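First up is the structure itself, then whatever we jot down about it.
Per chain, numbering begins at 1; letters A, B, ... match sequence-line order. Here the structure is a predicted model, which means the values were calculated and not measured.
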There are 2 protein chains.
Amino acid sequence: MLRVTPQRQAILALINRSNVHWDAEELARELVQSGQAVGIATVYRGLSALEGAGLIASVQLGDRKRYERIDKSHHDHLVCTECGSLEEFVQPEIERLQAQVAEEKGFRMLNHQLLLFGICYACDNHDSNQDLDKGKKI
Amino acid sequence: MLRVTPQRQAILALINRSNVHWDAEELARELVQSGQAVGIATVYRGLSALEGAGLIASVQLGDRKRYERIDKSHHDHLVCTECGSLEEFVQPEIERLQAQVAEEKGFRMLNHQLLLFGICYACDNHDSNQDLDKGKKI
DNA sequence: ATGCTAATGATAGTCATTATCACTATCAGT
DNA sequence: ACTGATAGTGATAATGACTATCATTAGCAT
Ligand SMILES: [Mn+2]
Ligand SMILES: [Mn+2]
Ligand SMILES: [Zn+2]
Ligand SMILES: [Zn+2]
């Protein structure tokens with residue numbers, strides 16, 4: 001009952017061929033650029049449907065949700081509060097301890113979210129107060 | 001330059017005397033109940049100011065921010081996606097490993113957020129499909 | 001090929017939070 | 001204690017990220 005449509009194919013293709021954490025608006029703009037514009041409501045619905053089908057992954061960052069490829073192993077994120085960039089990391093021991101905590105509490109954990117906020121290496125060593133590149137893909 | 005006002009005192013007192021993760025609207029309603037109504041915009045600004053002053057703590061849960069007392073040691077949260085309840089936990093080893101990851105990446109971590117989503121013990125063993133208690137304090 | 005119904009897209013609505021702005025109150029300096 | 005600079009208040013408008021509506025279109029099971 002999940003239908004294959006050109007719009008969803010375009011959204012999925014774009015996410016799969018990039019290494020970006022897209023939000024709905026950014027993705028819609030990129031689709032316009034590439035000549036296959038998709039209505040913004042359809043982008044929201046498409047992203048939600050694709051995630052529900054297990055074809056893409058998401059990260060909730062503050063008030064906005066970002067989507068990325070799912071064909072990499074699970075990872076968590078370092079979020080730079082200066083430039084907004086995302087860095088990825090994997091720490092199996094943390095994953096194991098999370099499951100252990102849930103277990104001990106009788107809590108059936110379905111997923112988790114771990115965000116480390118701070119200043120990335122680049123920002124910490126910035127030459128001057130560069131303007132933030134608002135158009136940068138993260 | 002952070003001024004002491006009756007509104008902020010009321011907000012802080014309410015948070016400090018309870019063990020609840022308040023959002024702005026809930027807190028405003030409670031203040032009305034207790035006969036010291038505070039404008040909703042002032043509640044938002046007050047919560048933000050108090051957090052900035054290190055007097056209360058916050059958790060970003062999906063699209064809404066919740067505030068709680070800061071006079072307990074740092075902890076993270078188990079979030080029940082069924083009933084919305086929050087359970088707290090501390091895992092020093094996870095904390096240590098987070099700092100280690102940031103260190104290795106040259107990332108200056110300022111804070112973090114770890115949420116474990118799933119079904120709490122009560123919901124997992126519910127007798128029937130009880131209606132969620134929307135008014136419940138969490 | 002047909003038809004049931006999910007999907008689309010333009011747009012209106014929702015909801016949490018922030019901005020505006022006229023007015024008030026805190027408090028540092030006298 | 002007085003006062004002035006300015007932070008804070010509160011009613012309300014605005015914003016921004018989504019979600020609902022609804023007429024129309026188009027997958028896809030049969
Ligand atoms: Mn990622
Ligand atoms: Mn807590
Ligand atoms: Zn940065
Ligand atoms: Zn529960």
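B:Gln60 places a side-chain N or O within 3.5 Å of a backbone atom of B:Gly62 that can act as its donor or acceptor partner. Looking only at distances, a side-chain donor or acceptor of A:Arg8 sits under 3.5 Å from a matching main-chain atom of A:Arg3. Looking at B:Gln9, its side chain never comes within 3.5 Å of a backbone N or O of B:Ile11 through a donor-acceptor pair. A donor-acceptor pair is defined here as one N or O able to donate and one able to accept, closer than 3.5 Å; such a pair exists between the side chain of A:His21 and the backbone of A:Ile138.
The closest side-chain heavy-atom distance from B:Cys83 to B:Lys136 is below 4.5 Å. Looking at A:His112 and A:His74, their side chains come closer than 4.5 Å, going by heavy atoms from C-beta outward. A 4.5 Å side-chain heavy-atom check between A:Glu51 and A:Leu47 finds every atom pair outside the cut-off. Inter-residue side-chain proximity for B:Gln91 and A:Glu104 is flagged as unmet; no heavy-atom pair is nearer than 4.5 Å.
Rounded to an integer number of Å, the gap from A:Asp23 CG to D:dT19 C1' is 16 Å. In this entry the distance linking CD1 of B:Ile11 with P of D:dG8 reads 12 Å, nearest Å. Atom CG in B:Leu27 sits about 15 Å away from atom P in C:dA16, given to the nearest Å. If you take OH of B:Tyr44 and P of D:dG8, they are 19 Å apart, rounded to a whole angstrom. The CH2-C1' distance, from B:Trp22 to C:dA16, rounds to 18 Å in whole Å. In this entry the distance linking CD of A:Gln9 with C1' of D:dA26 reads 13 Å, nearest Å. Residue B:Arg29 contributes atom CZ, which lies 9 Å from atom P of C:dA16 at whole-angstrom precision.
For the contact set between residues 52-65 of chain B and DNA chain C, defined by any heavy atom under 4.0 Å, the members are B:Asp63, B:Arg64, B:Lys65.
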Name the pairs: protein N/O against N/O of nucleotides 7-10 of chain C, kept only if under 3.5 Å.
unit_1 : atom_1 : unit_2  : atom_2 : d
C:dA7  : OP1    : A:Arg8  : NH1    : 2.8
C:dA7  : OP1    : A:Arg8  : NH2    : 3.1
C:dT8  : OP1    : A:Thr5  : OG1    : 2.6
C:dT8  : O3'    : A:Gln7  : NE2    : 3.0
C:dG9  : OP1    : A:Gln7  : NE2    : 3.2
C:dG9  : OP2    : A:Gly39 : N      : 3.2
C:dG9  : OP2    : A:Thr42 : OG1    : 3.0
C:dG9  : N7     : A:Arg45 : NH2    : 2.4
C:dG9  : O6     : A:Arg45 : NH1    : 3.1

